[in-house]
Amino acid sequence: MIFVRSNPCPAPQEDAWITSYQRLVPHWHSVSLSHQHSTISISVSRVNQFDAARLDIEMSAMLKEQLVKVFSLMKPGMLFQYQPELNAFLEFLIWRFSIWVDKPTPGIAFMNLRYRDERAVALRGKVRTGLEGPGLTFAQKMWYCVAAVGGQYIWARLQSFSAFCRWGDSEEVLVSSLCSSPRKSLDSV
């Protein structure tokens with residue numbers, strides 16, 4: 001015995017999709033127009049930015065480790081003497097092949113972030129994900145290089161110079177010389 005089931009819903013008319021489309025088009029246009037005029041605030045978590053910076057530091061350390069292996073047959077103290085220059089050179093290379101050519105640094109790319117000119121984005125208005133929009137201007141790229149690469153180099157040189165001149169020890173010497181002179185005068189009396 002074969003049971004045939006009858007369809008309780010009748011087949012739709014041939015032009016049913018057209019009437020549905022015409023009925024929904026005004027609503028669809030009003031929704032799409034309201035989204036075009038609204039700006040979405042893109043906030044990037046500071047944790048993501050710090051993680052990206054940390055990843056960049058780790059990558060720079062890996063490159064430095066490989067470069068140090070190249071110079072392993074040289075005089076041992078010579079590489080230590082030029083360590084700030086080596087770090088500045090590696091940071092410059094990372095800057096040159098990432099930010100200068102409008103690409104993110106490796107850490108920023110891994111965190112799915114990018115540098116962009118926020119002033120130009122504010123003028124355009126329409127932002128969806130934060131990844132679109134104009135990149136950094138020429139001046140911003142140059143200031144990034146001066147601040148990041150040059151600033152790190154100057155700080156490293158200042159640290160090595162202060163260690164060489166024993167700036168940290170000079171206060172102890174001054175304090176110990178002041179403390180020992182009254183004792184000598186009392187002992188001699």
Side-chain angles (χ1 to χ4, degrees), residues 32 35-173:
S32 65
H35 285 294
Q36 286 178 354
H37 296 296
S38 66
T39 58
I40 300 171
S41 168
I42 302 294
S43 61
V44 177
S45 174
R46 296 279 183 232
V47 173
N48 290 345
Q49 293 175 9
F50 287 128
D51 287 344
R54 185 67 191 166
L55 287 169
D56 286 336
I57 290 169
E58 292 295 328
M59 195 205 81
S60 178
M62 289 188 326
L63 286 174
K64 182 179 156 190
E65 181 182 339
Q66 296 300 318
L67 197 58
V68 166
K69 285 182 182 179
V70 169
F71 294 111
S72 65
L73 299 177
M74 294 179 68
K75 188 173 145 184
M78 190 171 135
L79 189 60
F80 180 74
Q81 180 181 2
Y82 296 109
Q83 189 171 6
E85 285 80 11
L86 176 67
N87 289 340
F89 176 70
L90 289 175
E91 290 298 323
F92 177 78
L93 285 178
I94 292 171
W95 172 82
R96 167 61 182 90
F97 291 108
S98 60
I99 294 172
W100 182 251
V101 292
D102 289 328
K103 292 185 178 180
T105 61
I108 290 173
F110 188 70
M111 297 300 290
N112 200 24
L113 301 172
R114 75 182 274 266
Y115 287 114
R116 69 177 187 183
D117 187 8
E118 286 297 318
R119 294 172 297 176
V121 169
L123 294 175
R124 290 187 182 181
K126 185 178 178 183
V127 176
R128 292 156 104 205
T129 64
L131 293 176
E132 67 271 348
L136 298 176
T137 64
F138 176 79
Q140 288 172 331
K141 291 175 188 178
M142 294 307 292
W143 276 112
Y144 182 91
C145 180
V146 168
V149 178
Q152 287 178 6
Y153 171 72
I154 290 171
W155 181 251
R157 264 293 152 211
L158 187 63
Q159 283 180 329
S160 65
F161 182 71
S162 69
F164 179 72
C165 291
R166 297 184 177 206
W167 285 353
D169 295 343
S170 63
E171 187 177 319
E172 291 176 11
V173 171

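All of these numbers come straight from a predicted model, not from anything done at the bench.
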Decide yes or no on side chain to side chain contact (heavy atoms under 4.5 Å, CB included) for Leu63 and Leu93, but give the supporting numbers first. CA-CA 11 Å; Leu63 286 174; Leu93 285 178; over 6 Å; no
Could you tell me whether Asp102 and Arg114 have a side-chain N and a carboxylate O separated by less than 4.0 Å? no
What is the distance from atom CD of Glu91 to atom CG of Leu86, rounded to the nearest 0.5 Å? 10.5 Å
Test side chain to side chain contact (heavy atoms under 4.5 Å, CB included) applied to Met62 and Gln66, step by step: CA-CA 6 Å; Met62 289 188 326; Gln66 296 300 318; 5.8 Å; no
Heavy atoms of Arg157 and Gln81 approach each other most closely as NH2-O, 2.9 Å
Give the intermediate values and the outcome of side chain to side chain contact (heavy atoms under 4.5 Å, CB included) for residues Met111 and Gln49. CA-CA 8 Å; Met111 297 300 290; Gln49 293 175 9; over 6 Å; no
Where the side chain of Ser60 meets the backbone of Asp56, is there a donor-acceptor pair that is under 3.5 Å apart? no
Residues in salt bridge (Lys or Arg N to Asp or Glu O under 4.0 Å) contact with Asp51, at least two apart in sequence or another chain: none
For Met59 against Ile94, the heavy-atom pair lying closest together: CE-CD1, 3.5 Å
Test applied, ring pair (Phe, Tyr, Trp, His ring centres under 6.0 Å); reference residue, Tyr115; option that passes from Tyr144, Trp143, Trp95: Tyr144
Any donor-acceptor N/O pair, Trp100 side chain to Phe138 backbone, under 3.5 Å: no
Pair Asn87, Gln152 - check side chain to side chain contact (heavy atoms under 4.5 Å, CB included), show working. CA-CA 9 Å; Asn87 289 340; Gln152 287 178 6; over 6 Å; no
Considering non-hydrogen atoms only, spot the tightest contact between Cys145 and Phe92 and give its length. SG-CD1, 4.1 Å
Check this for me: Arg54, atom CZ, are more than 12 non-hydrogen atoms of other residues, nucleotides or ligands nearer than 6.0 Å? no
